[in-house]
4 protein chains.
Amino acid sequence: MTKGEETRQMIIKSAAPIFNKKGIAATAMSDIMDATKLSKGSLYVHFENKDELVMTVVDYNMQLLGSKVFETLRKARSAREKLIAYIDVLSTPVNPIVEGGCPMLNFGMEADDTNEVVTKKVNEAVVFSQQIISDIIKKGIDEGEFSNEWNYKDFALVMFAMIEGGQLICRVARNNRKMQVIKANLLEQISRWEL
Amino acid sequence: MTKGEETRQMIIKSAAPIFNKKGIAATAMSDIMDATKLSKGSLYVHFENKDELVMTVVDYNMQLLGSKVFETLRKARSAREKLIAYIDVLSTPVNPIVEGGCPMLNFGMEADDTNEVVTKKVNEAVVFSQQIISDIIKKGIDEGEFSNEWNYKDFALVMFAMIEGGQLICRVARNNRKMQVIKANLLEQISRWEL
Amino acid sequence: MTKGEETRQMIIKSAAPIFNKKGIAATAMSDIMDATKLSKGSLYVHFENKDELVMTVVDYNMQLLGSKVFETLRKARSAREKLIAYIDVLSTPVNPIVEGGCPMLNFGMEADDTNEVVTKKVNEAVVFSQQIISDIIKKGIDEGEFSNEWNYKDFALVMFAMIEGGQLICRVARNNRKMQVIKANLLEQISRWEL
Amino acid sequence: MTKGEETRQMIIKSAAPIFNKKGIAATAMSDIMDATKLSKGSLYVHFENKDELVMTVVDYNMQLLGSKVFETLRKARSAREKLIAYIDVLSTPVNPIVEGGCPMLNFGMEADDTNEVVTKKVNEAVVFSQQIISDIIKKGIDEGEFSNEWNYKDFALVMFAMIEGGQLICRVARNNRKMQVIKANLLEQISRWEL
DNA sequence: TATGAATGAGCCTTCATTCAT
DNA sequence: TATGAATGAAGGCTCATTCAT
């Protein structure tokens, strides 16, 4: 990795939580300057403009979330365990695995009326997230852990929606408790299709 | 209503969808000038500063959502019908009843890391929304429509979370279809407690 | 006095210390609104614009100072006593007889490079002040209290200058002590011409 | 000196007479833009805000006065000559050595009721000015030019006050003549202690 | 690659003033 | 006479971006 590429990565890492917390519009390039201790001009060596940095950072935050989720999933054995792991890793919205909270929710809600490119990126991540859940269950069905009558694709959507809704509830409540109710409901639904 | 109060209301009504769509930080007072056809100074006759306008508009948007929901609920008879009406009225995130989409999601996600006052307002609305659902079911139980063994408070939370999560999914997908999957799941859970 | 004239006087009295303390440029019409509890429009019923109010208030402050000085002088008998009374009444710049301090100094220093009309008003007050001192001494000479060889006009100038310089020194020092040194020097000069 | 420091000095030099003439409140950043031919943003590269520029300019003006006085004093030999030089250099208030007139008087009178920091700066300059006079006389006493019975500290205060009062008188009168009366009085007082 | 001075549009807010009621 | 809604210029300041070094 060249020096330039190193700096670029450092900028992305530093900028990611700032954009995820403050939002795109409220984050100024000077915030990134402060965080990176880089000069104004230097930022523009690595990113043509704020928009390019935004796009990169939106991707980065969502990929970071994805990789943290995958990391957790790897430790789980059965499909059921994997589903629980997925829920658990997202069960602390106040202390989220990605600083600032779920980037899909953050960027999606900011961009849906103003920024088509970001909206599309978020949609892809949303679809991908459901795919992950869906894939876990599919494997569970194939391996005889779950009933093959389960409409698992619909459940993946439901599970994703519930978790995201839980993020909103918990983050504005400033505590994680309500996620346990959501978890319980999901577990109950899951167990209904266990063999 | 005095002329001043009339103008103030007009400003709120004009500003509400703008803030709900663009977000607080990205909305400039000049956007409100354009929308109201009022002069810069005139805006400040009715609102001390941007923040006061923001607070008023956040409240307004959430109350607007509430009143639209209540209006719909009034037309439904049984508790089951009311729950369905609640779901239905929120089942078109792309063409939402409140311009710009769910203000709890919009303002909550923008404010949770930066604006304690707005976050508190959103939390109250979130709690209140669940209370509405909860009250409907409670009445249904009391009137023998649902089993009194239903943990309806937890279900209200789950239902609210699922609907909010559905907003994210549909708005970034640019279509309302996935809300039907969510509706189906909710209906299935509801019917399980019907007498 | 008509109701209108009464209001006008009330405005002047309220505005006088504000302009004398904050200065002309730094005082906004809204400061006067607040102080008078009058509406924006009402102020403009009594004064065509800020400038007219300024002119009136500058005059008022200097006349107020003059009348307070005269009031004090009346109580003194001999010319010497009158000179001492004049010094004494101006010997507490930190707790001045006119709220905000000497208006000649305040308005003179603000206006000398920017406002010819105010400058002229101040000059007249400055000349008049020296005339007062001068008149006291003249009467003292005529009545055999002071030597007729005293160049009393020059002394009046010196005495006025010293007192004004003392205002600056004491007001920025936040205490009145240095005025006593000035008083002593003036007394020493005065006594030299006593018969 | 870096380019930035050069620009900063240029701004200070350009801004100094403007603030000294118009006053702090009445001087807009746009006045400084015009004078420096610099853009709005550029001003804020070198000064965090107006206040920082004000503080710097207040200091600059008073130091400029000080250095011009010192320069003059250096040319004088005896203590008497130095005192005369001091008086003379301040004897043309209408054509002052520092553009806009005595900054102690200008900033002191504007700030004494509104700006504690500036007031303190002015007080220090006022005290320092008297110290200069005082030091001159002390040296004159030590070298046998003046009587050691002279209360020279009190005289320094008196002399400073008289000169400052003279500034007011002359500037509003739009001519320097009265300073000669003040000078004569001071000379008379000085000569009384000459050996 | 990195710097930081320079830019000017745009932001929120205040100002003096006008005018219909 | 008194009100307060309305105005738009101007205020201080921040922003994304450019560019010479």
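Residue numbers begin at 1 in each chain, while the letters A, B, ... track the order of the sequences.
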Distance-only, no hydrogens or angles: does the [X] side chain make a donor-acceptor pair with backbone N or O of [Y] under 3.5 Å?
X: A:Ser30; Y: A:Met33; result: no
X: A:Lys50; Y: A:Ile24; result: yes
X: B:Asp31; Y: B:Ala28; result: yes

For this session: Looking at every strand, decide which applies to A:Thr36 at a 4.0 Å heavy-atom threshold: base, sugar-phosphate, or nothing.
Result: nothing
Exercise. How would you label the contact of B:Thr2 with the nucleic acid (heavy atoms, under 4.0 Å): base, sugar-phosphate, or nothing?
Worked result: nothing
For atom [atom1] of [X] and atom [atom2] of [N], their distance in whole Å:
X: D:Glu52; N: F:dG12; atom1: CD; atom2: P; result: 15 Å
X: A:Lys37; N: E:dT3; atom1: NZ; atom2: C1'; result: 16 Å
X: C:Glu5; N: F:dA2; atom1: CD; atom2: P; result: 12 Å
X: A:Met10; N: E:dA2; atom1: CE; atom2: P; result: 8 Å
X: B:Arg8; N: F:dA6; atom1: CZ; atom2: P; result: 13 Å
X: A:Asp34; N: E:dT3; atom1: CG; atom2: P; result: 14 Å
X: B:Ile24; N: E:dC12; atom1: CD1; atom2: C1'; result: 15 Å
X: C:Ile11; N: F:dT3; atom1: CD1; atom2: C1'; result: 13 Å

For this session: Could you summarise the pairing of DNA chain E as dot-bracket text, marking Watson-Crick and G-U pairs under 3.5 Å with ( ) or [ ] inside the strand and | across strands?
Result: .||||||||||||||||||||
Side chain of [X] (C-beta onward), nearest among [options]:
X: C:Lys50; options: E:dA5, E:dC15, E:dT17; value: E:dT17
X: D:Tyr44; options: E:dT1, E:dT17, F:dC13; value: F:dC13
X: D:Thr7; options: E:dT17, E:dA6, E:dA9; value: E:dA6
X: C:Lys40; options: F:dT7, E:dT18, E:dA6; value: E:dT18

Problem set entry | Toward the 5' end of DNA chain F, by each residue's nearest nucleotide, A:Met29 or B:Gly41 | B:Gly41
Exercise. Want to settle it: does A:Ala28 or C:Leu38 sit nearer the 5' end of DNA chain F, counting the closest nucleotide to each?
Worked result: C:Leu38
side-chain N/O [X] vs [N] OP1/OP2, d < 4.0 Å:
X: D:Ser30; N: F:dG11; value: yes
X: C:Lys3; N: F:dA2; value: yes
X: D:His46; N: E:dG4; value: no
X: A:Ser39; N: E:dA2; value: no

Could you give the distance from [atom1] ([X]) to [atom2] ([Y]), rounded to the nearest 0.5 Å?
X: C:Met62; Y: C:Phe107; atom1: CE; atom2: CZ; result: 8.0 Å
X: B:Cys102; Y: A:Leu168; atom1: SG; atom2: CG; result: 7.0 Å
X: C:Asn106; Y: C:Met109; atom1: CG; atom2: CE; result: 10.0 Å
X: C:Ser14; Y: C:Asp34; atom1: OG; atom2: CG; result: 11.5 Å

Problem set entry | Given DNA chain E, 5'-ward residue of the pair A:Ser42 and C:Asn49, judged by closest heavy atom | A:Ser42
Problem set entry | 5' priority, DNA chain E, between B:Asp51 and D:Leu43 [closest heavy atom] | D:Leu43
Problem set entry | Side-chain touch D:Met10/D:Leu38, heavy atoms, less than 4.5 angstrom | yes
